[in-house]
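Please read the structure below before turning to the comments.
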Amino acid sequence: MTESAAQIIRDRTGGAPIRIAMILGSGLGGLVDEVDGTAIPYADLPGFPGAGVSGHSGQLVVGRLAGADVALMAGREHYYEHGRSDGMRVPLEVLQALGAEILIATNACGSFRADIPPGELMLLDDHINYSGLNPLIGEPSDRRFVNLTEAYDPALRAGLRAAAEAEGIALPEGVYAWYSGPSFETPAEIRMLKMLGADVVGMSTVPEIILGRFLGLRCAAVSVVTNMAAGLGNEQISHEHTKASAPLGAAKLKRILGRALGGF
Ligand code: HPA
């Protein structure tokens with residue numbers, strides 16, 4: 001599956017180089033419009049996610065963005081869709097086989113911190129895998145024992161922080177907790193996750209970072225805060241709200257990436 005998807009991408013893009021793979025979260029898919037390159041629907045790529053979640057458009061776009069050779073995945077598979085946490089394994093294997101060395105994941109999240117309200121961004125410096133799931137369960141090789149001590153690459157983080165600073169955009173760092181979804185959390189669960197040391201919560205990214213490290217990719221991830229987490233804000237938490245709120249942060253993220261990617 002990996003080789004046939006890789007071959008389709010080579011054929012359609014004329015062998016365009018890929019250095020940075022990016023996964024675009026809910027409401028963040030608009031970044032593909034900035035890429036000068038080739039779009040391929042996931043439906044044409046064996047092993048890529050099927051019809052997913054509204055707000056995730058389901059296409060791979062390979063080309064140039066801000067001076068870098070990129071492959072943007074607009075749309076991801078989530079654990080809550082089918083009960084599989086390794087849904088992004090083939091896409092990441094394919095992009096790694098095509099030359100990707102860096103993975104940047106983005107997501108929408110709920111914040112626990114009053115100083116990181118909706119519309120703001122957070123750079124992940126660590127995560128809590130609260131789901132207890134792992135995309136490497138069943139992987140037979142000893143490579144499955146992945147070291148996650150510095151899962152979020154310090155040099156990439158420094159580059160993203162510097163770009164944010166130059167753009168005058170706040171980019172605090174913090175811990176992302178992975179909660180399986182698809183229901184949102186209860187206020188009691190949010191109080192618990194906060195006590196455990198998390199700053200934000202979301203339903204993705206963690207399995208992708210585990211897979212990315214497994215594949216030897218240097219990884220970074222940025223969250224766009226779309227709401228205060230359950231019990232902490234006044235707005236009604238909903239997927240509609242997530243999709244409507246993400247573009248606020250997405251505009252900032254675009255500026256940061258526009259400055260940072262060329263230097264990676
Ligand atoms: N919880 C989990 N996932 C989310 C949230 C949230 O509050 N907001 C956006 N994605």
Side-chain angles (χ1 to χ4, degrees), residues 22-31 49 52-58 73-85 87-88 104-133 135 152 171-210 220-254:
M22 285 186 57
I23 303 176
L24 306 178
S26 290
L28 305 173
L31 201 61
V53 180
S54 64
H56 294 255
S57 62
M73 288 178 271
R76 55 155 56 94
E77 190 167 308
H78 303 79
Y79 170 75
Y80 61 71
E81 291 171 55
H82 312 286
R84 290 191 299 272
S85 62
M88 294 304 285
I104 301 177
T106 64
N107 61 60
C109 74
S111 173
F112 310 165
R113 283 177 45 179
D115 63 328
I116 316 181
E120 296 296 317
L121 306 176
M122 192 192 84
L123 180 62
L124 277 66
D125 64 7
D126 207 344
H127 71 231
I128 294 175
N129 182 356
Y130 189 72
S131 75
L133 301 161
Y152 298 87
L171 188 62
E173 291 192 303
V175 175
Y176 175 97
W178 178 29
Y179 183 89
S180 77
S183 60
F184 286 98
E185 306 74 30
T186 65
E189 287 164 345
I190 294 303
R191 289 195 295 275
M192 173 196 68
L193 292 171
K194 200 173 165 182
M195 272 194 284
L196 293 179
D199 298 290
V200 301
V201 63
M203 305 178 192
S204 67
T205 302
V206 167
E208 298 153 8
I209 298 299
I210 295 171
V222 182
S223 287
V224 172
V225 176
T226 56
N227 55 278
M228 294 309 291
L232 300 178
N234 299 321
E235 76 263 81
Q236 282 295 320
I237 297 171
S238 69
H239 187 56
E240 293 313 311
H241 184 273
T242 298
K243 284 188 292 183
S245 310
L248 266 174
K252 294 180 187 168
L253 185 56
K254 199 186 287 182

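Numbering of ligands and ligand atoms starts at 1, following listing order. Hydrogens, waters and symmetry mates are skipped; everything else that's a heavy atom, side chains included, is used. Numbers here simply count residues along the sequence, with the first being 1. In this text the structure is predicted, and so the values were computed from the model without any measurement.
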Go through the steps to decide whether Thr242 and Phe184 satisfy the test side-chain contact (heavy atoms from CB on, under 4.5 Å), and finish with yes or no. CA-CA 11 Å; Thr242 298; Phe184 286 98; 4.3 Å; yes

Mind checking ring pair (Phe, Tyr, Trp, His ring centres under 6.0 Å) for Tyr152 and listing every partner two or more places apart, or none if nothing turns up? His127

Going by side chain to side chain donor-acceptor pair (under 3.5 Å), name the pairs with one or both residues in residues 222-233, residues two or more places apart or in two chains. Asn107-Ser223

Tell me the closest heavy-atom pair linking His82 and Glu77, and the distance in Å. CD2-OE2, 3.5 Å

Per the under 4.0 Å non-hydrogen criterion, ligand 1 touches Ala108, Cys109, Gly110, Phe184, Glu185, Val201, Gly202, Met203, Thr226, Asn227, Thr242

Show me the donor-acceptor pairs, under 3.5 Å and distance only, between side chains in residues 109-123 and residues at least two apart or in other chains.
unit_1, atom_1, unit_2, atom_2, d
Ser111, OG, Arg113, N, 3.0
Ser111, OG, Arg113, O, 3.2
Ser111, OG, Ile116, O, 2.8
Arg113, NE, Asp115, OD1, 3.0
Arg113, NH1, Asp199, OD1, 3.3
Arg113, NH2, Asp115, OD2, 2.9
Glu120, OE2, Lys252, NZ, 3.1

Show the nearest heavy-atom pair for residues Gly197 and Ile128, with the distance to one decimal. C-CD1, 4.1 Å

